[in-house]
There are 2 protein chains.
Amino acid sequence: MTYGDSMARPRTFDETAVLDAAAREFRVHGFAETSTEQLCEAAGVRRSSLYNTFASKDELFVRALEHYVATTGSAHEAVLTDEDLHGAARLQGLMDLILDEEREAAAHGHAAGCMVVSARMAPDLSAKNEKVKNLLDRALERQLSLIEQTIRLGQLDGSLKPGNAAPDTARTMVALISGLRVLAQAGSTHEELRRVVTLALDGLRA
Amino acid sequence: MTYGDSMARPRTFDETAVLDAAAREFRVHGFAETSTEQLCEAAGVRRSSLYNTFASKDELFVRALEHYVATTGSAHEAVLTDEDLHGAARLQGLMDLILDEEREAAAHGHAAGCMVVSARMAPDLSAKNEKVKNLLDRALERQLSLIEQTIRLGQLDGSLKPGNAAPDTARTMVALISGLRVLAQAGSTHEELRRVVTLALDGLRA
DNA sequence: CAAATTCTGTACTGCATAATCCAGAAAGAG
DNA sequence: CTCTTTCTGGATTATGCAGTACAGAATTTG
């Protein structure tokens with residue numbers, strides 16, 4: 001009942017590290033195909049410890065998703081608000097984040113995967129768990145809003161072709177990112193993905 | 001042991017209709033989240049009948065996937081080889097197929113889903129079943145090849161901007177289509193999806 | 001009618017796996 | 001040292017679901 005700093009044996013594992021490991025598993029294999037066994041092994045934690053910390057696989061998934069969208073969201077935000085770059089370069093930077101992630105994963109023999117895409121493609125998850133749906137919706141909203149602002153900036157600083165509606169362009173970028181995740185799972189090489197990005201961004205440049 | 005035309009009670013259900021119904025379930029819910037119960041109910045067929053006709057859920061999935069990629073592939077091919085249209089219009093026609101499908105599904109309160117995207121996002125399926133992987137790979141190859149030819153045509157007939165490499169452009173289109181599937185699952189409206197398509201295609205036109 | 005085959009409906013089996021429980025060792029706080 | 005809490009490791013329970021089995025009705029051919 002003594003929360004926070006206990007007066008007994010402390011946790012030997014980092015909760016955030018567990019969420020990281022869980023997210024890595026979930027994003028590659030999806031929710032249904034990831035067993036608690038895999039999660040324990042990936043996190044280097046025993047079952048009892050897992051269930052002491054998280055009530056259920058569902059809750060762990062929600063927490064991992066929360067952690068995943070928060071960290072990736074922040075990384076994306078950092079690039080998309082980099083004062084040293086013009087709009088087009090920020091977009092390029094965002095896509096480079098994705099490309100680098102996929103290259104890194106490919107070096108380990110698999111695609112990076114994406115918790116958001118696979119969760120979206122398994123709508124029963126969102127239907128069963130309201131928190132999942134809310135997290136996904138808010139993540140999408142945040143991403144759209146950030147990209148939208150970047151588009152507007154790029155059109156003002158002259159790096160992006162004017163005339164394209166910012167919301168539509170933002171949504172197109174999100175579609176492109178999701179599509180890249182799928183192509184990566186289909187085995188497309190880093191070079192192929194990079195050329196897709198180049199072609200798509202060139203269509204937006206001034 | 002008497003194959004083909006039996007001399008007894010014939011099937012009262014159409015095997016193709018079952019595959020259609022199964023594909024409809026699988027494409028929305030994915031493999032893991034679709035129970036054999038759902039499949040029976042959707043197809044209007046009893047369990048015994050299902051297992052008399054298909055050896056397992058795995059085989060039914062493979063058959064449904066086969067049927068799905070064959071029918072959608074043919075529909076796409078029909079548009080992409082329509083002699084009455086120039087290249088850009090054929091691409092537009094392809095995207096309209098997707099958009100119409102999503103609009104139709106949205107009218108029923110859900111996204112259309114996609115067996116290919118969700119199967120790709122669950123790579124364990126392909127890992128476990130070689131046939132799944134082969135079907136997905138051949139479907140992607142076919143789609144890329146068809147779109148690539150259409151791009152080349154469009155660049156020759158002047159409807160598409162020259163200079164873009166056809167393979168890259170084709171892969172970008174595939175990414176866009178996958179992205180549309182994801183956005184649709186995220187609840188994007190038909191109008192929003194349509195504007196995404198318009199923007200993306202406008203970037204390719206002459 | 002007889003034989004063959006599929007249908008319906010329900011009940012059952014088997015397995016994977018999510019989740020619980022427990023006994024003891026380990027490690028901090030007072 | 002004592003108390004508390006978390007660890008390890010394994011055993012156990014519970015559940016959902018894929019797949020099987022079966023009995024009887026239905027439907028076709030010969």
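Residue numbers start from 1 in every chain, and the chains themselves are labelled A, B, ... in the order their sequence lines are given, proteins ahead of strands.
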Set of salt bridge (charged side-chain N to carboxylate O under 4.0 Å, His left out) partners for B/Arg194, sequence neighbours left out:
B/Glu191
Can you check the B/Glu25 CD to D/dA18 P distance for me, whole Å?
13 Å
Mark yes when over 12 heavy atoms from residues, nucleotides or ligands other than A/Lys131 sit less than 6.0 Å from its NZ; otherwise mark no.
no
Polar-atom pairs under 3.5 Å, protein N or O versus N or O of nucleotides 13-16 of chain C: list them with distances, or write none.
none

Point-to-point distance, once rounded to the nearest 0.5 Å, from CG of A/Asp96 to CZ of A/Arg103
9.0 Å
What integer distance in Å separates A/Lys128:NZ from D/dG16:C1'?
12 Å
Set of residues satisfying side-chain contact (heavy atoms from CB on, under 4.5 Å) with respect to A/Leu153, sequence neighbours excluded
A/Arg90, A/Asp157
Identify every side-chain donor-acceptor pair in residues 175-187 of chain A under 3.5 Å, counting partners at least two apart or on other chains, and give the distances.
unit_1: A/Ser178; atom_1: OG; unit_2: A/Val174; atom_2: O; d: 3.1
unit_1: A/Arg181; atom_1: NH1; unit_2: A/Glu101; atom_2: OE1; d: 3.2
unit_1: A/Arg181; atom_1: NH1; unit_2: A/Glu102; atom_2: OE2; d: 2.8
unit_1: A/Arg181; atom_1: NH2; unit_2: A/Glu101; atom_2: OE1; d: 2.6

Quick one: B/Glu33 CD to C/dT17 P, roughly how many Å, whole number?
14 Å
Which residues in residues 34-41 of chain B have at least one heavy atom lying under 4.0 Å from any atom of DNA chain D?
B/Thr34, B/Ser35, B/Thr36
Using atom types as modelled, flag every donor-acceptor pair under 3.5 Å from a side chain in residues 109-123 of chain B to any protein atom, sequence neighbours excluded.
unit_1: B/Ser118; atom_1: OG; unit_2: B/Cys114; atom_2: O; d: 3.0
unit_1: B/Arg120; atom_1: NH1; unit_2: B/Asp137; atom_2: OD1; d: 3.3
unit_1: B/Arg120; atom_1: NH2; unit_2: B/Leu136; atom_2: O; d: 3.3
unit_1: B/Arg120; atom_1: NH2; unit_2: B/Asp137; atom_2: OD1; d: 2.9

Grab the CZ-C1' distance between A/Phe13 and D/dT8 for me, whole Å please.
13 Å
May I have all residue pairs that pass salt bridge (Lys or Arg N to Asp or Glu O under 4.0 Å) and include part of residues 73-86 of chain A, sequence neighbours excluded?
A/Glu77-A/Arg142
Residues which pass ring pair (Phe, Tyr, Trp, His ring centres under 6.0 Å) with A/Tyr68, listed by chain and number, not counting sequence neighbours:
none
For A/Lys128, the salt bridge (charged side-chain N to carboxylate O under 4.0 Å, His left out) test, sequence neighbours excluded, returns A/Asp58
Gap between atoms CZ and P, on A/Phe61 and C/dT17 respectively (whole Å):
18 Å
Nearest-Å distance, NZ (A/Lys57) to C1' (D/dT15)?
14 Å
For B/Glu37, which residues count as a salt bridge (charged side-chain N to carboxylate O under 4.0 Å, His left out) partner, sequence neighbours excluded?
B/Arg47
Sequence neighbours excluded, the answer for salt bridge (charged side-chain N to carboxylate O under 4.0 Å, His left out) partners of A/Asp202 is A/Arg205
Which residues within residues 44-55 of chain A lie with some heavy atom under 4.0 Å of an atom in DNA chain C?
A/Arg47, A/Ser48, A/Tyr51
